[in-house]
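For reference, the structure is listed below as structure tokens.
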Protein chains: 2
Amino acid sequence: MLLTDRQELILQVIVDDFIRSAQPIGSRSLSKKEEIKFSSATIRNEMADLEDMGFIEKTHSSSGRIPSEKGYRFYVDNLLLPQKVNRADLVTIKSIFAERIYELEKIVQKSAKILSEMTNYTSIVLGPAVKDNRLKKLQIVPLNKDTAIAIIVTDTGYVENRMFHFPTSIDPSDVEKMVNILNERLAGVPLTNLNSKIYKEIAMLLRQHISSYDTLLNTIMETLNMPAHEKVFFGGKTNILSQPEFNDVEKIRNLMNMIEQEDGLYNLIRKNPAGINVRIGTENDNSAMENCSLITATYSIGEEKLGSIAVLGPTRMEYSRVIGLLQLISTDLSKVLTLLYQNK
Amino acid sequence: MLLTDRQELILQVIVDDFIRSAQPIGSRSLSKKEEIKFSSATIRNEMADLEDMGFIEKTHSSSGRIPSEKGYRFYVDNLLLPQKVNRADLVTIKSIFAERIYELEKIVQKSAKILSEMTNYTSIVLGPAVKDNRLKKLQIVPLNKDTAIAIIVTDTGYVENRMFHFPTSIDPSDVEKMVNILNERLAGVPLTNLNSKIYKEIAMLLRQHISSYDTLLNTIMETLNMPAHEKVFFGGKTNILSQPEFNDVEKIRNLMNMIEQEDGLYNLIRKNPAGINVRIGTENDNSAMENCSLITATYSIGEEKLGSIAVLGPTRMEYSRVIGLLQLISTDLSKVLTLLYQNK
DNA sequence: GTTAGCACTCTATAATAACGAGTGCTAATT
DNA sequence: AATTAGCACTCGTTATTATAGAGTGCTAAC
């Protein structure tokens with residue numbers, strides 16, 4: 001055993017207390033807790049050992065202790081009893097799905113909003129990975145002589161569009177023919193495979209039927225080749241600013257910048273595997289996240305992983321509660337989405 | 001004349017200097033300026049008068065002076081020589097339009113981004129007011145038995161979509177018929193007028209042709225009835241945080257909150273008339289904007305006002321430069337957009 | 001092994017002093 | 001009559017010192 005029961009108890013109480021108070025915890029205040037039956041001197045000895053092992057730290061030589069990252073890690077891995085979501089929170093979460101919303105994006109967005117309101121932290125949701133969606137329909141809407149819009153609809157109801165210019169001298173009927181052929185052949189194909197499928201199987205076919213096939217196809221291909229980045233939704237972007245650890249303008253600037261960049265957070269969240277993941281402080285490999293923890297969960301339709309939902313808070317965040325909430329929301333989300341989009 | 005030439009000169013130098021240094025200006029440092037030929041004592045007398053009139057203020061009883069809101073207002077209205085945009089800035093702005101981008105939204109977005117980078121303030125763009133767009137095409141794409149997506153394309157290439165559920169027992173051919181009729185009759189109609197036009201002119205027609213017309217029409221109407229709020233784009237949301245006046249965590253929180261809300265800013269910008277407008281500090285009627293100024297400009301296609309582009313900075317912002325930039329960008333934007341979308 | 005006792009450390013807070021930038025006023029100068 | 005030099009005064013800033021209090025580590029007693 002790495003730690004004695006008593007050391008675990010003390011560590012647990014320190015972390016719990018610090019999460020609540022944001023103040024260093026001294027031996028005397030610990031000794032007054034009900035669950036702690038030994039004297040402050042004993043606690044001081046144990047704390048000295050815990051500090052030697054790197055689980056807690058002092059802010060200065062005669063201060064009380066605060067959890068170190070290692071301490072939080074141990075707490076999350078070993079001491080955390082996955083807290084049951086309380087009734088009020090349960091009701092709030094169920095309300096996300098009470099309204100009849102059909103758009104996947106909207107549901108996901110609402111989840112982010114409510115999650116941030118419940119926790120008072122910042123929530124981030126990676127919207128469905130569009131690239132795994134399957135093509136439902138491709139349409140071309142001409143705007144004027146040389147401009148048109150290509151619209152893609154996927155099976156989950158995601159709509160993407162892009163404007164493009166026709167090459168000069170294109171026969172409108174050719175466009176129509178082409179769109180028809182593409183729709184016939186490409187319905188149900190995942191967006192990622194569109195490109196190769198077109199070149200392997202359909203280019204030939206098109207060449208037979210359509211005169212100015214080359215330029216037209218290239219134009220459309222370019223249009224289809226959309227970034228297909230998962231969209232990032234936020235809830236309560238500024239919530240985290242009300243945490244006492246962010247009373248420093250420089251820290252705020254760094255954090256806000258990172259949140260605005262989106263790319264950084266996007267990558268931090270995306271690389272996590274399925275299920276609940278906790279990344280504490282520097283585990284995130286990002287200087288702006290030094291004082292932050294990120295808890296991620298994934299949601300899916302059926303077996304297919306769809307996206308992630310995450311909470312960004314201070315390292316001193318309420319791990320237990322947030323993990324409970326995320327677990328609930330992500331499974332509920334998966335259930336609802338599976339119900340809505342599985343049978344298609 | 002409200003102010004003597006000398007007073008105007010002093011006010012101007014104070015404002016210019018304060019915009020640069022963010023430090024209160026004393027009589028001695030003023031007297032050392034080349035353009036100022038009189039002694040510090042004279043300046044002190046003049047400054048006392050300017051203060052009595054409310055154009056400048058002290059931060060404490062023996063401090064130098066800083067411009068008051070009234071001072072900034074006078075400066076903007078009377079002392080500002082609309083600065084010519086310098087060559088480097090000119091080149092940068094032209095680069096916005098160098099690439100061939102066709103989507104109105106993208107152009108507008110890029111303008112915001114570049115404007116914020118040039119000024120190091122926050123830029124906000126109200127995207128084209130979609131409600132004034134005209135309908136190009138309405139399409140319904142069925143996803144499965146009871147779900148479909150309604151897609152609207154407008155003449156400027158804006159695409160909006162909404163998912164909805166069919167009422168039970170709808171004949172698919174009826175849907176198609178209805179869409180055809182709607183497209184025939186509604187092409188070119190501004191989105192705002194869709195509702196009334198449908199009820200006044202088309203409801204009759206539909207009733208004749210389509211059996212379950214009522215439920216279907218209602219569903220589609222609901223779908224068409226989209227918020228049609230102008231979209232708000234931002235550039236450099238956190239830029240303004242690097243200004244020295246925002247060294248206070250509370251101020252940052254308020255400001256960031258307001259920016260995140262979007263609604264507040266949206267209304268602040270939207271109510272401004274065509275052309276360049278400067279709103280200084282409390283003129284914005286928003287407590288979070290107490291230390292901020294907002295400069296807005298409008299852009300248009302042909303004669304039709306389309307949207308606004310704005311810069312949010314501290315009251316101590318570089319009015320002259322920003323006004324010059326906004327003037328240039330907004331007219332360029334109007335030109336390009338007119339060229340792209342006027343002839344349709 | 002546990003605890004009481006105590007000297008020591010460090011932060012936070014307040015009080016005090018010295019400095020200097022800047023003002024307002026008065027009297028001298030132009 | 002307008003301008004300027006001179007000077008006392010104000011107030012923010014910075015540095016210094018003192019004090020209180022929370023908490024520790026160590027030693028010796030239980």
Side-chain angles (χ1 to χ4, degrees), chain A residues 1 3-11 13-15 17-18 20-68 71 244-245 247-248, chain B residues 1 3-11 13-18 20-68 71 244-245 247-249:
Chain A
M1 175 82 92
L3 294 183
T4 65
D5 284 356
R6 193 165 70 186
Q7 284 171 333
E8 286 197 357
L9 174 62
I10 290 177
L11 178 56
V13 176
I14 289 177
V15 176
D17 223 54
F18 185 67
R20 209 159 15 78
S21 69
Q23 295 298 324
I25 321 294
S27 58
R28 204 177 118 75
S29 72
L30 272 190
S31 72
K32 282 198 234 152
K33 301 251 163 197
E34 260 191 19
E35 62 265 50
I36 289 185
K37 303 274 197 290
F38 21 91
S39 75
S40 63
T42 309
I43 296 172
R44 277 201 290 284
N45 291 331
E46 295 285 31
M47 291 209 295
D49 291 345
L50 282 171
E51 184 174 7
D52 286 344
M53 291 185 280
F55 291 104
I56 54 180
E57 301 170 339
K58 298 187 224 173
T59 59
H60 59 88
S61 77
S62 73
S63 79
R65 306 302 211 291
I66 63 173
S68 68
E245 27 270 279
N247 50 6
D248 172 10
Chain B
M1 176 82 93
L3 294 183
T4 65
D5 285 354
R6 194 164 69 185
Q7 284 171 331
E8 286 196 359
L9 174 62
I10 290 177
L11 179 55
V13 176
I14 289 177
V15 176
D16 281 336
D17 223 53
F18 186 67
R20 208 157 18 75
S21 69
Q23 297 297 325
I25 320 295
S27 58
R28 205 178 118 74
S29 71
L30 272 190
S31 72
K32 281 196 234 151
K33 301 249 163 200
E34 260 191 21
E35 63 264 51
I36 290 188
K37 302 274 197 291
F38 21 89
S39 75
S40 65
T42 310
I43 296 172
R44 278 200 288 285
N45 290 332
E46 294 286 29
M47 292 209 292
D49 290 346
L50 281 171
E51 186 175 5
D52 285 344
M53 289 184 280
F55 292 103
I56 55 181
E57 301 170 341
K58 295 189 223 172
T59 60
H60 59 86
S61 76
S62 72
S63 79
R65 305 306 211 288
I66 62 173
S68 66
E245 28 269 278
N247 51 5
D248 172 10
V249 179

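Computed from a prediction, not measured in an experiment: that's the story for all the values here. The basis for the numbers below is simple: all heavy atoms, side chains too, and nothing from hydrogens, waters or symmetry mates. Throughout, protein chains are lettered first and strands after them, A, B, ... in sequence-line order, and every chain is numbered starting at 1.
By the salt bridge (charged side-chain N to carboxylate O under 4.0 Å, His left out) test, A/Lys58 is found to be paired with no residue, residues two or more places apart in sequence or in another chain being considered. Listed by chain and number, the residues in a salt bridge (charged side-chain N to carboxylate O under 4.0 Å, His left out) with A/Glu57 amount to none (sequence neighbours excluded). A/Thr59 pairs by the side-chain hydrogen bond (donor to acceptor under 3.5 Å, both in side chains) definition with A/Ser63, not counting sequence neighbours. Residues passing the side-chain hydrogen bond (donor to acceptor under 3.5 Å, both in side chains) test with B/Ser39, sequence neighbours excluded: B/Thr42. When the side-chain hydrogen bond (donor to acceptor under 3.5 Å, both in side chains) test is applied to B/Ser31, no partner is found at least two apart in sequence or on another chain. The side-chain hydrogen bond (donor to acceptor under 3.5 Å, both in side chains) search around B/Ser29 returns none, not counting sequence neighbours. By the salt bridge (charged side-chain N to carboxylate O under 4.0 Å, His left out) test, B/Asp16 is found to be paired with no residue, residues two or more places apart in sequence or in another chain being considered.
Residue pairs meeting the ring-ring contact (aromatic ring centres under 6.0 Å, His included) criterion with at least one member in residues 35-59 of chain A, sequence neighbours excluded, are A/Phe55-A/Phe74. Residues in residues 34-52 of chain B take part in these salt bridge (Lys or Arg N to Asp or Glu O under 4.0 Å) pairs, two or more places apart or across chains: B/Arg6-B/Glu46, B/Glu51-B/Arg65.
Rounded to an integer number of Å, the gap from B/Leu30 CG to C/dA21 P is 16 Å. B/Glu46 places its CD atom 14 Å from the C1' atom of D/dA1, with the value rounded to the nearest Å. A/Gln23 has its CD atom 13 Å from the P atom of D/dA22, to the nearest Å. Taking atom CD1 of B/Ile36 as the reference point, atom C1' of D/dT3 lies 15 Å away to the nearest angstrom. Atom-to-atom, CE of A/Met47 to P of D/dG23 comes out at 9 Å; the value is rounded to the nearest Å. Between the C1' atom of C/dG1 and the NZ atom of A/Lys37 lies a distance of 18 Å, rounded to the nearest Å. Atom C1' of nucleotide C/dG22 and atom CD1 of B/Ile66 are separated by 15 Å, given to the nearest angstrom. The separation between A/Ile43 atom CD1 and C/dT2 atom P is 12 Å, rounded to whole Å.
Toward the 5' end of DNA chain D, the nearer of the two residues A/Arg65 and B/Thr42, judged by each one's closest nucleotide, is B/Thr42.
What you find for A/Met47 and A/Gly26 is that their closest heavy atoms are CE-C, 4.4 Å. Taking each heavy atom of A/Ser27 and A/Ser40 in turn, the nearest pair found is CB-O, 3.6 Å.
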So which protein nitrogen or oxygen atoms get under 3.5 Å of nucleotides 26-30 of chain D's nitrogens or oxygens?
none

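For the helix from C/dG1-D/dC30 to C/dT30-D/dA1, the angle separating the two terminal helix axes comes to 20°, with each axis derived from five pairs and the value rounded to 10°.
For residues 55-64 of chain B, proximity to DNA chain C is found at B/Lys58, B/Ser62, B/Ser63, B/Gly64, defined as any non-hydrogen atom under 4.0 angstrom from a strand atom.
Phosphate proximity of D/dT24 to A/Ser27: present, with a side-chain N or O under 4.0 Å from OP1 or OP2.
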